[in-house]
Each structure stands twice: as structure tokens, then as C-alpha cells.
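One structure is given below, encoded as C-alpha cells.
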Amino acid sequence: MDLREAIKDKKRIVVKIGSSSLTHPETGGLDYNKMEVLVRELVNIRNSGKEVVLVTSGAISVGKKAVHIKDANESIAIKQACAAIGQARLMMVYQKIFAEYNQVCAQVLMTKDTVNQMPNRENAHNTFSQLLELGVIPVVNENDTISTFEIKFGDNDTLSAIVASLIEADLLILLSDIDGLFTDNPRKNPDAKLIEVVENIDENIINMGKAETGSSVGTGGMHTKINAAMIATKSGADMIIANSSDIHILHRIMDGRNFGTLFVANKDENFRLADFLGDLNEAYNGSK
Ligand code: GLU
């Protein structure tokens, strides 16, 4: 079957949206229009009989905006305080819009310990299963307020792939400020071409991921998206990177249309999430 047609049959879908896609670039204030379209699209997917999880960023940027912090080099304590302020605000807005569509949502905040350690991982898995069985849309973020470096995922691209792996999702959609994976940085090289399908994440693809995306608000560049694609595809989920400039792209993707870059699932029975996270940590420590 055509790879895009097969998207129509996906049953458990994780959608990730980044801070830069939720806020106005001029002011950093929340873009309510975008949030409304996002929630409506998610509820519509849910209403078509599928299970949906949202992974959302924005806690720190919304908190900074609320207490008028403009500094980009704020201390960790300020960032964590801002996350506490911003996460509550973010959820308040999501709750309100989900309620307009009669959809129950729930907040799930995670750290690396949630998936690295037993019985935490099993508890998290059971909680997600129960929420999905109840027809709820879980809204997930990293627990930025309490997470220190040792237990931090650091970016929500990785977090969303981990959630997809944990709950055995069959599709992960990363909404980003770029159309997908390009052969080179399209903001610098006009000849850069969009890659529509990646069946195998080889050296070549990993190197393409090293070209920067140019986004300054979120933490995830293309490199973290390729890491996310490794986690998702090895865990048995397709992953799509798509442009969030028009969030209606979600139903177009679910209709089997050709948008963004599709990384095809390639389940690896030997893939262990905890080992992969350990390796990522080592790579990070080594580069510090
Ligand atoms: N968890 C962070 C926040 O909500 C964002 C991480 C990311 O953008 O990848 O502010």
C-alpha cells in the first residue's frame, strides 16, 4: 500500500508542537488562533475514532512573557520559575479551548526518570493507556520546573518520540517551523530540496540533520528531529515533520496527502529506550 495512504489507518497518534509555532514571533505572546486550530484539528482526529496525544512546548516562553523577562540568558532558577508560571497558563488556555469542543484533556509532565526507571515507566505507560481508554487527550510537556540536567530530556522533539515509543503509537507528527528535512539548509541554500520519504536513517540523513533550521524560540533543531525519528521508527511508529504555519496540515496528513517528510517505521526488536537515552546522555556529556 502507498505509504501516505497507510497514514489513514493509523490508530494512536502523537502530535508535537514547539514554542515557536504557538507564539507570535514579534512579541512572544501566545497565538490563540493557532492554538484554536490545533485543538480543533486534534479533537477532530479523536472524533474520527483515533487516539491522540499532544506534546506541547511553551511553558518557559509563556512564563517569561507573563513576568516580563526578556533576557535570553536567564539563570536556571528563573527558567524553572517561568516554567511553573507558564505551564499553568498554557494548560488553562488548552483546557478552555478543548472544553469548547467537549473534549476532556489531561496534563502529563515527565522527566527522564519517568522512562529510565522501573516502575516509573510502567506506571507512566499504564496512566497513558487509561487516559486513552477514557477518550481523553493527554497534553504532555517536560517537567521543566523540577528537572535538572541529569533528568532532563532537554527538548520536546526527543520527549515526543519517547512518548510515542512508551505508548506504542503508530504515528508521530512533529509540527515545526520548516516544511521537513531538506538536503541542505533551505534558508541559506536555494537549491536545497525537500526529502519526501526517508526509509532508512543512514549517515547521509544524519548529516543533513546537522544543517540548522534557523528557529530561535524552541530548543530543537533538525538534529534533534533526526534523533526523534530514530526513536520513533525503531519503536515501530512512522514520523512526519510538517510545517506548522497552517495547522490544518494535520487533517491533510491524516487524509493521506503528501506533506512534509515521512520517516517510515522500521521496528527494531532489540531497541531499548533506556539504552538509547543513556547513549544520548553520554554524547551530550562528551560534548560539554
Ligand atoms: N519544555 C520546554 C517548554 O515547554 C520546551 C522544550 C522545547 O521547546 O523543545 O518551555
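In each ligand, atom 1 is the first atom listed, and ligand 1 is the first ligand listed. Quick note: numbers below take in every heavy atom, side chains included, and nothing from hydrogens, waters or symmetry partners.
- Remark: Y101 pairs with no residue by the ring-ring contact (aromatic ring centres under 6.0 Å, His included) rule, at least two apart or across chains.
- Contacts between D144 and ligand 1 below 4.0 angstrom, taking non-hydrogen atoms only, involve the side chain exclusively.
- Between S20, G58, S21, S57, it is S57 that holds the heavy atom closest to atom 8 (O) of ligand 1.
- Under the 30°/60° scheme for interplanar angles, the aromatic rings of Y94 and F98 are found to be tilted.
- Counting the atoms of ligand 1 from 1 in the order shown, those under 4.0 Å from a heavy atom of D155 are 9 (O).
- In summary, R46 and E51 do not engage in a salt bridge, as defined by a charged side-chain N under 4.0 Å from a carboxylate O.
- At least one N/O-N/O distance between N156 and ligand 1 falls below 3.5 Å.
- Of all atoms in ligand 1, listed by their number and element, those nearer than 4.0 Å to a heavy atom of I60 are 3 (C), 10 (O).
- Between G18 and ligand 1 there is no heavy-atom distance shorter than 4.0 Å.
- Within 6.0 Å of the CZ atom in R89, the count of heavy atoms belonging to other residues, nucleotides or ligands does not exceed 12.
- The contact set between ligand 1 and N141, taken as ligand atoms under 4.0 Å from a residue heavy atom, comprises 1 (N), 3 (C), 4 (O).
- Between the side chain of T145 and the backbone N or O of A84, at least one donor-acceptor pair lies under 3.5 Å.
- Counting only distance, with no hydrogens or angles, the side chain of K11 and the backbone of D9 share a donor-acceptor pair below 3.5 Å.
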